[in-house]
Structures are given as structure tokens and as C-alpha cells.
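All values derive from a computational prediction rather than experimental measurement. In what follows, residues are counted from 1 in the order of the sequence shown.
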Amino acid sequence: QLQLVESGGGLEQPGGSLRLSCAASGFTLNSYAIGWFRQAPGKEREGLSCISERAGTWYATSVKGRFTVSRDNAKNTVYLQMNGLKPEDTAVYYCAVGMRSYVQQVCVMTEVWYDYWGQGTQVTVSS
């Protein structure tokens with residue numbers, strides 16, 4: 001059964017760091033594109049970052065320079081290292097896998113291109 005499980009969320013102070021994990025089961029994660037998204041209360045889901053063997057990595061302007069996506073193939077897990085956290089980073093964070101060729105090639109951050117999603121992990125940035 002194909003599954004994605006996020007972990008690592010929590011409460012952090014402004015300026016702090018968190019590392020989110022996205023553990024995959026039922027498929028080999030590095031064969032596809034993995035995207036990170038977030039959704040804050042009352043807002044639409046926002047694409048943050050993507051990693052793909054073919055496309056490399058991509059970051060939204062809002063997180064570029066602060067967030068870093070990486071992959072551990074041995075653990076079949078993708079990470080999102082979040083540094084310099086801001087209150088506006090507060091949201092539920094999701095990882096998702098894009099299995100179609102197009103998203104693997106260009107890492108497009110549109111939800112419709114992602115086939116399976118994790119359950120999300122809450123990140124709260126507050127003093």
C-alpha cells in the first residue's frame with residue numbers, strides 16, 4: 001500500500017528551525033517527484049518545494065534561502081529543513097508524490113499533478 005507519513009512538526013519560536021520528514025512506503029521515493037506544500041488557516045494550499053531526480057530542486061520565493069529539501073534514499077525519506085522560521089510559516093505542512101513524467105521533469109507545484117498525499121504535520125511559529 002502506497003503511503004506518505006509526515007513528521008517533525010511542532011511549536012517553534014521565530015528564528016528557530018525544524019526539520020520535517022516525509023517517509024514513503026509502498027514505492028521507491030527517489031523514482032518520483034516529491035513536493036512539499038502548506039496550508040494556513042483560511043488560505044489556499046501553497047507549494048513550497050520539490051525534489052526530483054530529473055528536475056533537481058525547486059523553491060517558492062517565500063521560502064528560498066530558508067528552507068532546504070533533501071532526500072535519503074536508504075531511508076526512503078525526504079526532508080524539509082526549515083531555518084529562520086517566521087510566524088507566517090505557521091501552517092499544516094504536507095508532502096505529496098508526483099508520479100507522472102511531466103511533474104518529474106519540471107517539478108510543477110500544482111496540486112493536480114500530485115497523486116498521493118500525506119496526512120500533514122502542524123508547524124506553529126510563535127513566541
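Annotation: Y116, atom OH; neighbour count of heavy atoms from other residues, nucleotides and ligands within 6.0 Å does not exceed 12. For E88, the CD atom counts as densely surrounded, since its 6.0 Å shell holds more than 12 non-hydrogen atoms of other residues, nucleotides or ligands.
Judged as a side-chain hydrogen bond (donor to acceptor under 3.5 Å, both in side chains), and not counting sequence neighbours, T57 has no contacts.
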Pair V125-K86, side chain to side chain contact (heavy atoms under 4.5 Å, CB included): steps then yes or no
CA-CA 6 Å; V125 183; K86 305 175 182 179; 5.5 Å; no

Should S49 and F67 be marked as a side chain to side chain contact (heavy atoms under 4.5 Å, CB included) after you check the CA-CA gap, both sets of side-chain angles, and the distance that decides it?
CA-CA 8 Å; S49 181; F67 291 9; 6.0 Å; no

Verify side chain to side chain contact (heavy atoms under 4.5 Å, CB included) between E53 and Q105, making sure each step is shown before the conclusion.
CA-CA 8 Å; E53 284 281 345; Q105 293 175 10; over 6 Å; no

Could you walk me through whether V63 and W36 pass the side chain to side chain contact (heavy atoms under 4.5 Å, CB included) check?
CA-CA 11 Å; V63 303; W36 282 99; over 6 Å; no

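Between the side chains of S62 and E46, at least one donor N or O lies within less than 3.5 Å of an accepting N or O. In this structure, a donor-acceptor pair under 3.5 Å is present between the side chains of N83 and S17. No side-chain donor from either of R38 and T90 sits under 3.5 Å from a side-chain acceptor of the other.
With rounding to the nearest 0.5 angstrom, the CE atom of M99 is 5.0 Å from the OH atom of Y32. Distance check, rounded to the nearest 0.5 Å: CD1 of I51 to CD1 of I34 gives 9.0 Å. The line from CE of M82 to CG of D89 is 7.0 Å long, rounded to the nearest 0.5 Å. Interatomic distance, OH of Y79 versus CG of L20, reported as 11.5 Å (0.5 Å rounding). Atom OG1 of T61 and atom CG of L48 lie 11.5 Å apart (nearest 0.5 Å). Within the model, atoms OG of S127 and CD of Q13 stand 7.0 Å from one another, a figure rounded to the nearest 0.5 Å.
Counting heavy atoms from C-beta outward, P87 and P14 have side chains that approach closer than 4.5 Å. R100 has its side chain within reach of D115: a pair of non-hydrogen atoms, C-beta onward, lies under 4.5 Å apart.
Side-chain N or O atoms of R54 include none that pairs as donor or acceptor with a backbone N or O of Q104 at under 3.5 Å. A donor-acceptor contact shorter than 3.5 Å links the side chain of N76 to the backbone of L29. Between the N30 side chain and the N73 main chain, no donor and acceptor come within less than 3.5 Å of each other. Using a distance-only test at 3.5 Å, with no hydrogens or angles considered, no donor-acceptor pair links the side chain of E12 to the main chain of T124. Judged purely by atom type and a 3.5 angstrom limit, E6 uses its side chain to pair as donor or acceptor with the backbone of G120. Judged by distance alone, the side chain of T121 and the main-chain N or O of G9 form a donor-acceptor pair under 3.5 Å.
Under the 4.5 angstrom side-chain criterion for Ile, Leu, Val, Met, Phe, Trp and Tyr, the cluster partners of V92 are F37, W58, Y94, Y102, V103, V106, V108, M109, V112, W113, Y114, W117.
Residue L11 is not grouped with residue Y93 when hydrophobic side chains (ILVMFWY) are merged at heavy-atom distances under 4.5 angstrom, including chains of intermediate members.
For residues 96-127, the set of pairs meeting the disulfide bond (SG atoms under 2.5 Å apart) definition, not counting sequence neighbours, comprises C50-C107.
Taking each heavy atom of A24 and L4 in turn, the nearest pair found is CB-CD2, 3.8 Å.
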